[in-house]
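What follows is a set of notes on a single structure, which appears directly below.
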Amino acid sequence: MRNIADVDNFGAIDADADELLRECFQDHPAYLAAKQNKRFLILGRKGSGKTAIFKRILTEHSPREFSYGHSFDDYPWHHHDLQAQTGVPEERRYFHSWKYLTLMGLAKLLLNSDQSQPWSDESFDSVQALEDFVVDSYGSRDPDVRQLFSPEKELRFKGTFKLPFVDISGERVRVKELPPHIQEVNRAIQEHILRALNPANSYYICFDQLDLGFVKSDPAYSQRLIGLILAARDLFLAARDRGKKLNVVVFLRDDIYQDLQFEDKNKITENFSELVQWHESIGGLTLKRLMESRFSRVLGESADEAISWERVFDETREMPSRQTKYKHICDRTFLRPRDIIKFCNEVLEQYKQPIFAAGEQFDNQAVHEARSGYSDYLLNELDDEIAKHVPQYKEYLEVVKELGSLQFALEDFRSTWARRASLSGVDPVFALGQLFEFSVVGYLKPGGRGGGSEYVWRYRDPRARFNASSEVFRVHPGFKEALDLVRQSV
């Protein structure tokens, strides 16, 4: 094993900057569900690994697999607004503009990447019809997707554009306003796409970074997302019914998805969504295995040398809390890859400090000293997630800071809350419920017959719901240093 002090880091917390992502990627069940066309909606907290799966699908190369990915800069948000249909349910206002964008992505794959085309007599006619439509409308077989709704472009129906279900003669339509018969146009293009898809191949159209434009107070944003989800489901099911392997994969933060309200949401959640969730010690993918793959990559002296957690962290001595170092670190994370990568990087930085007599492994002192920098990081990460949902959350945290301890009673929280005039219009129990949804606090659940009490955390159990009758709460240990709290029993 190489010298730990010679290592720069164990990777980056951002998938776009993580140089180890490709080599250390873990086959998460959510990734497999998307690849195997079992689920199209991939949900997870910020930093749980959704973008890692997105990038993995796009970068995998196989003669039988084709993928196209959309990210924030590709989304025609402004032009979506121009396509909003009136006289239809709100959740379907953007259905056809998303479907058109997705179908054009598939057309690009079929015309420019899939060398098996045409794979049959039936597909020959459909591929030709798609090429005529795309070239005549955009002047190229491979148009820039960001220009599909450009005001400078027109859909051109050369001569008589004959597709199944629609016959449009000699018409030129500005794309900044999709034609009133876009439903028929989409249906026609979709039919040709489904005919052309080779049943021996797999096709993926992926949507990521949808949260970058999130504004909770903007109903149009929610309607746009719902339109995308419904369009993805429609194409996913249509392809499956035709025996074609097509997945329109939507990656979305679960807190944003929770705020969306639309018909059939529960059916989609139960049947077509997969949560990106990691475990501490349960079988399958754990944070320990994730880090061991990274340790092996940066510390191994050969490609096949496996470096275990115990070779990097000295687990022969427990932490003062009588925990292993791994348990101590996991308790301060939201069980996300970026959290444990960040913590281990902070430990590495402390390990390199000259004031420490660095041994061959990370010891208790290095882990302890890493907590402050990590806690600041976790608080900053929280701001990205919670601010748009709970605008006053920083004032809520000031109440927690004034209490000064990790554990507190509801009675004490109420009395401290009451001293803040700016919060007089907010129910303190409601505020605790909001903090619970983002795992800032957990509540104490009394034990049943023969069982002990335990704290309930949203990040550990996504199905957990806030108990408004709870009397005792605990702040997530990861915020202890950033909020200057002490460990104290209620």
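Since the structure is predicted, the reported quantities are computational estimates derived from the model, not experimental observations.
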Hey, does the side chain of [X] reach the backbone of [Y] with a donor-acceptor pair shorter than 3.5 angstrom?
{"X": "R242", "Y": "L194", "result": "no"}
{"X": "Q117", "Y": "A196", "result": "yes"}
{"X": "K352", "Y": "V7", "result": "yes"}
{"X": "D234", "Y": "L230", "result": "no"}
{"X": "Y326", "Y": "K288", "result": "yes"}
{"X": "K50", "Y": "G44", "result": "yes"}
{"X": "W278", "Y": "S48", "result": "yes"}
{"X": "K480", "Y": "L406", "result": "no"}
{"X": "S470", "Y": "V472", "result": "no"}
{"X": "R39", "Y": "S273", "result": "yes"}

Should the pair [X] and [Y] be assigned to parallel (<30°), tilted (30 to 60°) or perpendicular (>60°) ring geometry?
{"X": "F54", "Y": "F251", "value": "perpendicular"}
{"X": "F236", "Y": "F272", "value": "perpendicular"}
{"X": "F313", "Y": "F295", "value": "tilted"}
{"X": "H389", "Y": "F438", "value": "tilted"}
{"X": "Y31", "Y": "F25", "value": "perpendicular"}

Counting C-beta onward and ignoring hydrogens, is there a side-chain heavy-atom pair between [X] and [Y] closer than 4.5 Å?
{"X": "V298", "Y": "N9", "answer": "no"}
{"X": "K99", "Y": "L235", "answer": "yes"}
{"X": "R465", "Y": "V456", "answer": "no"}
{"X": "L397", "Y": "V440", "answer": "yes"}
{"X": "E395", "Y": "Q392", "answer": "yes"}
{"X": "I13", "Y": "Y377", "answer": "yes"}
{"X": "Y351", "Y": "E369", "answer": "no"}
{"X": "I4", "Y": "E360", "answer": "no"}

Taking the six-membered ring where the residue is Trp, are the ring centres of W457 and Y443 under 6.0 Å apart?
no
Suppose we call two aromatic rings close when their centres sit under 6.0 Å apart. Are H70 and Y68 close by that rule? yes
Show your working on side chain to side chain donor-acceptor pair (under 3.5 Å) between H328 and R371 and close with a plain yes or no. CA-CA 10 Å; H328 187 85; R371 296 192 321 197; 3.2 Å; yes
Could you check whether [X] pairs with [Y] (Lys NZ or Arg NE/NH1/NH2 to Asp/Glu carboxylate O, under 4.0 Å)?
{"X": "R474", "Y": "E454", "answer": "no"}
{"X": "R317", "Y": "D363", "answer": "no"}
{"X": "E385", "Y": "K46", "answer": "no"}
{"X": "K342", "Y": "E381", "answer": "no"}
{"X": "R311", "Y": "E292", "answer": "no"}
{"X": "E60", "Y": "K35", "answer": "yes"}
{"X": "R233", "Y": "D264", "answer": "yes"}
{"X": "E280", "Y": "K327", "answer": "yes"}

Could you check whether [Y] and [X], counting side-chain N and O atoms only, form a donor-acceptor pair closer than 3.5 Å?
{"X": "Y374", "Y": "D376", "value": "no"}
{"X": "S375", "Y": "S372", "value": "no"}
{"X": "Q323", "Y": "S321", "value": "yes"}
{"X": "S116", "Y": "N201", "value": "yes"}
{"X": "R289", "Y": "H279", "value": "no"}
{"X": "Y396", "Y": "Q434", "value": "yes"}
{"X": "N198", "Y": "D114", "value": "no"}

> Honestly, is R45 close enough over Y459, meaning NZ or CZ under 6.0 Å from the six-membered ring centre and within 45° of the axis?
Replying inline: no
Within 45 degrees of the ring normal and closer than 6.0 Å to the centroid, is that where the cationic atom of K325 sits relative to F362?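 No, a cation-pi geometry is absent between K325 and F362.
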When you look at D8 and L348, which way does the side chain to side chain contact (heavy atoms under 4.5 Å, CB included) test go after all the steps? CA-CA 8 Å; D8 291 329; L348 176 63; over 6 Å; no
Spacing of [atom1] belonging to [X] relative to [atom2] belonging to [Y], to within rounding of 0.5 Å:
{"X": "T286", "Y": "W309", "atom1": "OG1", "atom2": "CH2", "result": "10.0 Å"}
{"X": "L444", "Y": "S453", "atom1": "CG", "atom2": "OG", "result": "5.0 Å"}
{"X": "L32", "Y": "E274", "atom1": "CG", "atom2": "CD", "result": "9.0 Å"}
{"X": "L225", "Y": "L260", "atom1": "CG", "atom2": "CG", "result": "5.5 Å"}
{"X": "I205", "Y": "F40", "atom1": "CD1", "atom2": "CZ", "result": "14.5 Å"}
{"X": "R463", "Y": "L275", "atom1": "CZ", "atom2": "CG", "result": "10.5 Å"}

R240/L237 under side chain to side chain contact (heavy atoms under 4.5 Å, CB included): CA gap, chis, key distance, verdict:
CA-CA 5 Å; R240 190 168 71 177; L237 292 176; 3.3 Å; yes
More than 12 non-hydrogen atoms from neighbouring residues, nucleotides or ligands closer than 6.0 Å to [atom1] on [X], yes or no?
{"X": "Q258", "atom1": "CD", "answer": "yes"}
{"X": "Q36", "atom1": "CD", "answer": "yes"}
{"X": "K265", "atom1": "NZ", "answer": "yes"}

Can you sort out the partners of R322 under salt bridge (Lys or Arg N to Asp or Glu O under 4.0 Å), two or more places apart, ordered by chain and number?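 R322: no salt bridge (Lys or Arg N to Asp or Glu O under 4.0 Å) contacts found.
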Applying salt bridge (Lys or Arg N to Asp or Glu O under 4.0 Å) to K108 and not counting sequence neighbours gives D142
Trace of the side chain to side chain donor-acceptor pair (under 3.5 Å) decision for S293 with S296: CA-CA 5 Å; S293 69; S296 299; over 6 Å; no
task = Take D208 and T51 through the test side chain to side chain donor-acceptor pair (under 3.5 Å) and record every step on the way to the result.
result = CA-CA 7 Å; D208 191 30; T51 295; 2.8 Å; yes
- What's the verdict on side chain to side chain contact (heavy atoms under 4.5 Å, CB included) for L197 and I193, showing C-alpha distance, side-chain angles and the deciding distance? CA-CA 6 Å; L197 294 177; I193 292 287; 4.2 Å; yes
